[in-house]
Amino acid sequence: MAQQLQRPTAEAIAPRLVRGAIGGLIAGLPFIFITMWFASTMPKGSAKGPLNLISTLILGKDAMMTGEVNAWLGFGVHAALSMAFGALFALVVPALRTNGTVALAGGIYGAVLYLVNFQLLGRMFFDQFLQGPNQPFELVIHVVFGHLLALAFYSSGIRSGEPILSVGGEPVTAASRA
């Protein structure tokens, strides 16, 4: 008898949003640590600088001048935003049929996040984000965030039967890992 093929089904919304939030948090950690390292390599730079700057989203842009910035608050805000951006990406994922399209969409999503956060919202409300950070670096690190976030959705939902990695030989699938 021929083996009956099961068609992959879409992942329910709640687990997908959780996957996105956790994926966003995990993708946000290397993002912020690389940004902190990069800032520390700049003349007069500080590893806490990016976190202090992020805290101004809550404390107001004058907090940098008055010294009221708080790196821990900045870390919390960054973590929360990473989770929210991951959950937002999770809403788009069902339309992406292959791991390749998820990877491509992740990179594009990161670039769009940069454009919205820095070039649109930054210019309208948060000009402190246009003066300090290195803009080409921010674009690249946001694209990297998107690609790392995309990994959380490989071989999930409609893509559950697709190999995660296939380089010669037998492909590695989510089912073969279990």
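The shortest non-hydrogen separation linking Ala39 to Ser46 is CB-O, 3.5 Å. Across Leu148 and Ala27, no two heavy atoms sit closer than the pair CB-CB, 3.7 Å. Summarising the geometry of Leu149 relative to Phe85, their closest heavy-atom pair is CD2-O, 4.2 Å, with the distance given to 0.1 Å. Heavy atoms only, all atoms of each residue included: Ala47 and Ser40 are closest at N-CB, 3.9 Å. Closest of all the heavy-atom pairs between Phe145 and Gly24 is CE1-O, 3.5 Å. Minimum heavy-atom separation, Gly106 to Ala150: CA-CB, 4.2 Å.
In this structure, Ile32 is not a member of the same hydrophobic cluster as Leu25, with clusters built from ILVMFWY side-chain heavy atoms closer than 4.5 Å. Hydrophobic clustering (side-chain heavy atoms under 4.5 Å, transitive across Ile, Leu, Val, Met, Phe, Trp, Tyr) keeps Leu29 apart from Met83. Using a 4.5 Å cut-off between side-chain heavy atoms of Ile, Leu, Val, Met, Phe, Trp and Tyr, with links allowed through other members, Leu88 and Val92 fall into different hydrophobic clusters. Grouping the Ile, Leu, Val, Met, Phe, Trp and Tyr side chains by contacts below 4.5 angstrom, directly or via other members, places Val112 with Val102.
Sorted by first and then second residue, the side chain to side chain donor-acceptor pair (under 3.5 Å) pairs with a member in residues 54-75 read Thr56-Gln128, Lys61-Asp127; sequence neighbours excluded. Sorted by first then second residue, the side chain to side chain donor-acceptor pair (under 3.5 Å) pairs that include residues 107-116, not counting sequence neighbours, are Tyr114-Gln119, Tyr114-Gln135. Applying the salt bridge (Lys or Arg N to Asp or Glu O under 4.0 Å) test to residues at least two apart or on different chains, none of the pairs has a partner in residues 69-95.
Residues Phe137 and Ile34 meet the side-chain proximity criterion, which asks for heavy atoms closer than 4.5 Å. Residues Phe38 and Pro50 have side chains not in contact (no heavy-atom distance under 4.5 Å, counting atoms from C-beta outward). You'll find the side chain of Leu91 reaches within 4.5 Å of the side chain of Ile13, heavy atoms only. A heavy-atom distance below 4.5 Å is found between the side chains of Pro136 and Asn134. For the pair Leu151/Tyr154, a side-chain contact is recorded, criterion being any heavy-atom separation below 4.5 Å from C-beta on.
Distance check, rounded to the nearest 0.5 Å: CZ of Phe89 to CG of Leu113 gives 10.0 Å.
Around the CE atom of Met42, the shell of radius 6.0 Å holds more than 12 heavy atoms that belong to other residues, nucleotides or ligands. Crowding of Phe125 atom CZ: a count of heavy atoms from other residues, nucleotides or ligands under 6.0 Å not exceeding 12.
In this structure, His147 contributes its side chain and Ala103 its backbone to a donor-acceptor pair below 3.5 Å. Checking side-chain atoms of His142 against main-chain N and O of Glu138 turns up a donor-acceptor pair under 3.5 Å. In this structure a side-chain-to-backbone donor-acceptor pair under 3.5 Å is missing from Arg19 to Phe153.
Here Ala71 pairs with Lys48, Leu51, Asn52 under the side chain to side chain contact (heavy atoms under 4.5 Å, CB included) rule; sequence neighbours left out. In terms of the side chain to side chain contact (heavy atoms under 4.5 Å, CB included) criterion, residue partners of Ile58 (sequence neighbours excluded) are, by chain and number, Leu73, Val77.
In the hydrophobic clustering, where aliphatic and aromatic side chains (Ile, Leu, Val, Met, Phe, Trp, Tyr) are joined below 4.5 Å either directly or transitively, Ile22 groups with Val18, Ile26.
Just one of Leu53, Leu57, Asn117 meets the side-chain contact (heavy atoms from CB on, under 4.5 Å) condition when paired with Phe126; it is Leu57.
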